[in-house]
Amino acid sequence: MSETQHIIKTSGLRKTFKQVRAVDDLSLTVNKGDIYGFLGPNGAGKTTTIKMILDLVQPDGGDIWLNGINIAENGVSTREGIGYLPERAQFYQNLTAIQTMEFFAELKGVDKAQCDELLAKVGMDRWRDKKVGTFSKGMVQLVGVAQALIGEPKLLILDEPTSGLDPRWSRVLKDIILEMNGKGTTIFFSSHLLSEVQELCNRVAILNQGHLIIEDTVAHVSGGMSNKPKLVIRVTDEPEKAVQAIKDAGFDEVEVHGNQISVLVESTDKSKILQVLSEAQISIEDFKTIEPSLEDAFMGYIGQEAIAGGVINGP
Amino acid sequence: MGLEINLNKVTAIAKKEFMDNWRNKWVLALSGLFLILVIAFSYFGGASGGSVEFQGYADTVAAMSTIAAMFLPIIAIMLGYGSVISERENGSMGVVLGCPVSRYDVIIGKFVGLGAVLMATILLGFGISGIIVGAIAGFEGGVEYFLFMMMTFIFAMFFLGFSIFMSTVANKRSTAIAGGLIVFFSGMIAGMILFGLWIASGGDFGAMMDAAMTGGDMPSFPDWYWAGMFFSFMDIYPMGAMLLFNLTDFSGISYAYPDFVTATSIVGWFTILTILTFLGSLLTFDKKDL
Ligand SMILES: Nc1ncnc2c1ncn2[C@@H]1O[C@H](COP(=O)(O)OP(=O)(O)O)[C@@H](O)[C@H]1O
Ligand SMILES: [Mg+2]
């Protein structure tokens, strides 16, 4: 197998369903060792992209490489060493949890002995001999997670893995992701939740209406829209006077809501603002700094995209 | 996607299909009902001839092949219609094909695994009653009885194959079951249509009615009529079963069969049809988006 830096690479991927352009000219690169967040609102084309990567859906155009091998040339064996958890999967009504696990171990051609341990890892060992048909949604999702871990995969592809899990099991799953990544597994997971991407990932791609909006490190993407933290100050009185003092000191990005003033500033200038206010004899009740979040960046990027689209489609 | 088949994976899928479907409560219930009916028919089947007792194999088959012609297609369609589309709808097919498994492995595994469920149903329904009948009425005709079970299997395999095919073509479960039911009913009405055509083309209805009333010989039907009978699945299969025992009576009427209507040609016909449904399933599923 050729040694490439990237474990997943797509170039110019396209897929249209009847009228809907689900994925449009999508080029992604997931490097070995990444925890890669594939972010986008519902209907953005995340699931379609994942299905194309796994050869479950045929692209209308573009190429996909797994470990440097074009999947169009060598479909079956490129899927070796991949664990996949689809969105909302169900399994077989009349098979027990352990029978389901052993079935997938056989399909992956690996030792079945690990199945018990993996069920225990997701807390499903108590239900080992119960039929999956009797399980709740969350329990089925956990069997799905355990199944994806069979055979110590080099690459885990998880489609909205925490949906359907309660916070406790969501936490367990996140810890599993971090643990697997610590052992060298690359993780590619889709989500519409910014917080979990921000919490777990080192790289992120944002997809909207089938288009890639940005692909970069989480730090860069977070900084992309407003890389300045927001300083929020509550004053006892005279907010107008305070705003004036801040503007006079050369800071323009100021907003005021009642007694609360927010200023976008570089971290290094924060103390300068506080100093300006104290020199103007304004008493500060409280202040805090809000770091720029991926959420702001996400909404910002999607907003820009929408505006750009509006201009193009305008009269 | 290339012609990639891996026997270990085919076996794993076949085994899974068997385990999952053999415990399907509908399949179990129908198989149980079928077993009871078969035993009842082998006991009461001779009642019209004046004797209520277990018949030999030939009479037993004569009595129960028409019932099998209804039951086994229903069981087969129930096993097959959801086999691919349900797994596509619920996402488990994606997990299977996300593994290093080819689409051919999946289709072959389904045919083998679900075929094994059908075989088990037939062995249960006909095998148990066959042993009871043999023990009471003697094992004469036992070889033919065994061949009858195999003919029944290939007959049912065609319906299974067709419904698996429909399950790969359809994008909704309802479409798949509709397809299965269309073959089922067309297999039942083809005979009536043929008969209508025969009358319309100047067939001697009076002579036929006489034969039916008095139990005499049927007027001979033209070759096109017999060729068409091969599409009347629910008629041609019991006729084939009779022919295995060298009986030319069917429902009390004696027929003059042309040379090409033999047990072998009937088995061959259902084999060809089954192979076509298999190839059709392989080809459609290979290109299907999940
Ligand atoms: N099989 C399909 N047939 C028709 N439209 C589809 C199909 N799959 C997805 N789509 C459409 O493609 C778009 C992208 O869907 P999807 O990839 O599921 O998005 P996401 O996973 O980001 O929520 C949506 O508009 C969806 O309705
Ligand atoms: Mg999705």
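Bear in mind the structure is a predicted one, so any value in this text is a computation, not a measurement. Lettering of chains follows the sequences in order, A, B, ..., and the numbering in each one begins at 1.
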For this session: Tell me, out of B:Met19, B:Lys9, B:Arg23, who's got the most heavy-atom pairs with chain A below 4.5 Å.
Result: B:Arg23
Seminar exercise, completed: Counting heavy-atom pairs under 4.5 angstrom with chain A, the leader among B:Lys15, B:Lys288, B:Met93 is B:Lys15
Seminar exercise, completed: Residue from A:Val57, A:Leu54, A:Thr78 scoring the most non-hydrogen pairs under 4.5 Å with chain B is A:Val57
Exercise. Looking at A:Glu102, A:Arg88, A:Lys131, A:Gln99, which has the largest count of heavy-atom pairs under 4.5 Å with chain B?
Worked result: A:Gln99
Problem set entry | Donor-acceptor pair, side chain of A:Arg79 and main chain of B:Val101, under 3.5 angstrom | yes
Exercise. Can you tell me if B:Asp20 uses its side chain to pair, donor with acceptor, with the backbone of A:Tyr92 under 3.5 Å?
Worked result: no
If you measure from [atom1] on [X] to [atom2] on [Y], what distance do you get to the nearest 0.5 Å?
{"X": "B:Cys99", "Y": "A:Ile150", "atom1": "SG", "atom2": "CD1", "value": "7.5 Å"}
{"X": "B:Asn21", "Y": "A:Asn94", "atom1": "CG", "atom2": "CG", "value": "7.5 Å"}
{"X": "A:Leu107", "Y": "B:Asn8", "atom1": "CG", "atom2": "CG", "value": "10.5 Å"}

Problem set entry | pair A:Phe91-B:Asn90: side-chain heavy atoms closer than 4.5 Å | no
Exercise. Hey, are the side chains of B:Ser92 and A:Gln90 touching, using non-hydrogen atoms and a 4.5 Å cut-off?
Worked result: no
Exercise. Under 4.0 Å between a Lys/Arg side-chain N and an Asp/Glu carboxylate O for B:Asp289 and A:Lys51?
Worked result: no
Exercise. Is the shortest side-chain N to carboxylate O distance from B:Lys16 to A:Glu106 below 4.0 Å?
Worked result: no
Is it the case that over 12 heavy atoms from other parts of the model lie below 6.0 angstrom from the [atom1] atom of [X]?
{"X": "A:Glu117", "atom1": "CD", "value": "no"}
{"X": "B:Phe278", "atom1": "CZ", "value": "yes"}
{"X": "A:Trp127", "atom1": "CH2", "value": "no"}

Exercise. Side chain, backbone, both or neither: which part of B:Glu89 has a heavy atom under 4.5 Å from chain A?
Worked result: neither
Problem set entry | Under 4.5 Å from a heavy atom of chain A, the part of B:Asp105 involved | neither
Which heavy atom of [X] sits nearest to which heavy atom of [Y], and what is that distance?
{"X": "B:Pro100", "Y": "A:Glu80", "answer": "CG-CG, 3.5 Å"}
{"X": "A:Val76", "Y": "B:Ser102", "answer": "CG2-CB, 3.7 Å"}
{"X": "B:Gly91", "Y": "A:Pro86", "answer": "O-CG, 4.1 Å"}

